[in-house]
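Accompanying notes for the structure given below.
Atoms within a ligand are numbered from 1 in the order they appear, just like the ligands themselves. The structure displayed is predicted, hence computed values, not measured ones.
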Amino acid sequence: MNPIILKGTIVSAPVLGRLEITPGGYLAAEEGRITGVWPVLPERYAGAPVEDFGDALILQSFTDLHLHAPQYPMLGMGMDLPLLDWLDAYAFPTEARFSDTGYAREVYQKLARELAGHGTTRVCMFSSLHTDATLILMEELERAGITGYVGKVNMDRNGGKDLQETTEESMAETLRWLEESQDFAHIRPILTPRFTPSCTDALMAFLGRLAAERDLPVQSHLSENTAELALVASLHPDCPQYWETYAKFGLWGPKTAMAHCVWSDARERQAMKEAGVTVVHCADSNQNICSGVAPVRVMLDEGLKVALGSDIAGGDHLDMLDVAASAIRASKARRILDGWETEHLTVAEALYLATSAGAAFFGARPGFGPGEPLHALVLDDSQLPKPHPLTPEERVERAVYRRQPGAIRAVWSQGRKIFSAEENG
Ligand code: GUN
Ligand code: FE
């Protein structure tokens, strides 16, 4: 197998707040794994074919650590209600359609391709409660070259018309889904109690046992909206805080990702830090459905693990550069609300959250570390007018803030090229 050698302005975010930039550099991989980044190509690659992207930016590809695949058809719709009403009015009826496997195939094929074209190569994704549609989703992601985790959703209470399981069905279907998920190479199952209001204690206890017995990761929602908090408190009077409704069933640890955490106070944040739970910040969704402004700066300063999610279709798009920009804007809103006492996120920090921080949930080392599978993309910004000759940092800032349709020219995932603008017109 030939090595992959890419030439361009190589940019990675190996630590929070610092970019590593190699202008006119080379990024190489062998057997799909990164061997290094250099300003001059090492002797051992003399004569090997180089894909020369000129001055284009070569970035780490993105990780979307929270999104709802069956909400893809309602992207950009139904933003006029707060969370619990929004679920009943829009999300649940849309998800109910995924009992139809033909519909699932059609939608998930499009979603997988759109993710690849946007340079998202790792995902942590909610499916619906339907086992067969979930397996189709996993198949389509794998076919498109996307890697990561997908969860069949568990929900045995407070569901919608045609969108609820009995406790027994939920348990049996989870076991069937795990059994039938075994053959995927790059897409793995993650246990997915939708959120505490959706799952009885018996179901939560079952999932907690399963997580422990099979060492499975877990994803859910936490402290997104104030009406949700009140509902959870009424369902679990024994739990002073929301996070305890997961912790008491063994659904709380270093392999747990919790989306939103808008209203997590110092004590709840401390519980996340101690357990090594990853917070998935979903700034677009938090604003679209009026959930609030998560204290993302404070969470980072306190040393929590934080990554980013598009949370479609609470979020209205899949573009992780745009999601990174939204995270910066949310931190600025938080700064204003905090009386200017907190700092906002920098571009370098937001890029780290959209790449290395998310990849860490899958055990990847940060940046373009040697030995890691190649996850990279080429972003060509040469068509844009410039106010003056731009530094690489300015180009990265513009890539984050300015939507540039068609700028992503090629994407590699797990060492394989999964998107090429030339081949996609
Ligand atoms: N909480 C429970 N389910 C959902 C969902 O589908 N979207 C969001 N944003 N929050 C949730
Ligand atoms: Fe969500």
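Contact detail for Ala144 and Ala116: the closest heavy-atom pair is O-CB, 4.3 Å. Gly309 and Val323 get closest at one heavy-atom pair: O-CG1, 3.8 Å.
Of the heavy atoms in Tyr90, none comes closer than 4.0 Å to ligand 1.
Take Tyr103 and apply the ring pair (Phe, Tyr, Trp, His ring centres under 6.0 Å) test, not counting sequence neighbours, and it matches Phe98. Residues meeting the side-chain contact (heavy atoms from CB on, under 4.5 Å) test with Pro82, sequence neighbours left out: Asp85, Asn225. Arg297 meets the salt bridge (charged side-chain N to carboxylate O under 4.0 Å, His left out) test with Asp301, Glu349; sequence neighbours excluded.
Side-chain atoms of Ser326 and Gln287 include no donor-acceptor pair closer than 3.5 Å. Side-chain contact of Thr256 with Tyr246: a donor-acceptor pair under 3.5 Å is absent, judged by distance alone.
Ranking the protein heavy atoms by distance from atom 10 (N) of ligand 1 puts Glu224 OE1, 2.7 Å first. Nearest non-hydrogen protein atom to atom 3 (N) of ligand 1 is Arg194 NE, 2.9 Å.
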- Task: Walk me through it: do Ile58 and Thr22 pass the test side-chain contact (heavy atoms from CB on, under 4.5 Å)?
- Result: CA-CA 10 Å; Ile58 299 180; Thr22 312; over 6 Å; no
- Message: Run the ring-ring contact (aromatic ring centres under 6.0 Å, His included) test on Phe195 and His260 for me, step by step, so that the C-alpha distance in whole Å, both residues' side-chain angles and the decisive distance to 0.1 Å come before the verdict.
- Response: CA-CA 12 Å; Phe195 67 157; His260 302 285; 9.9 Å; no
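Closer than 2.8 Å to the Fe ion (ligand 2) sit the protein N, O or S atoms His66 NE2, His68 NE2, His221 NE2, Asp311 OD1.
Near His260, the atoms of ligand 1 lying under 4.0 angstrom from a non-hydrogen atom of the residue are 9 (N). Short contacts between ligand 1 and Leu83, defined as distances under 4.0 Å to a heavy atom of the residue, involve ligand atoms 8 (C), 10 (N), 11 (C). Of all the atoms in ligand 1, the ones that sit under 4.0 Å from a non-hydrogen atom of Gln71 are 5 (C), 6 (O).
Judged by distance alone, with hydrogens and angles left aside, the side-chain atoms of Arg209 form no donor-acceptor pair with the main-chain N or O of Gly250 at under 3.5 Å. Panel note: side chain Trp252, backbone Glu244; no donor-acceptor pair is recorded below 3.5 Å.
The shortest heavy-atom distance from Glu228 to ligand 1 is not under 4.0 Å. Residue contacts with ligand 1 leave out Phe126, since none of its heavy atoms falls under 4.0 Å from the ligand.
Among the atoms of Asp311, some N or O lies under 3.5 angstrom from an N or O of ligand 1. When only interatomic distances are considered, the shortest N/O to N/O separation between Glu95 and ligand 1 does not fall below 3.5 Å.
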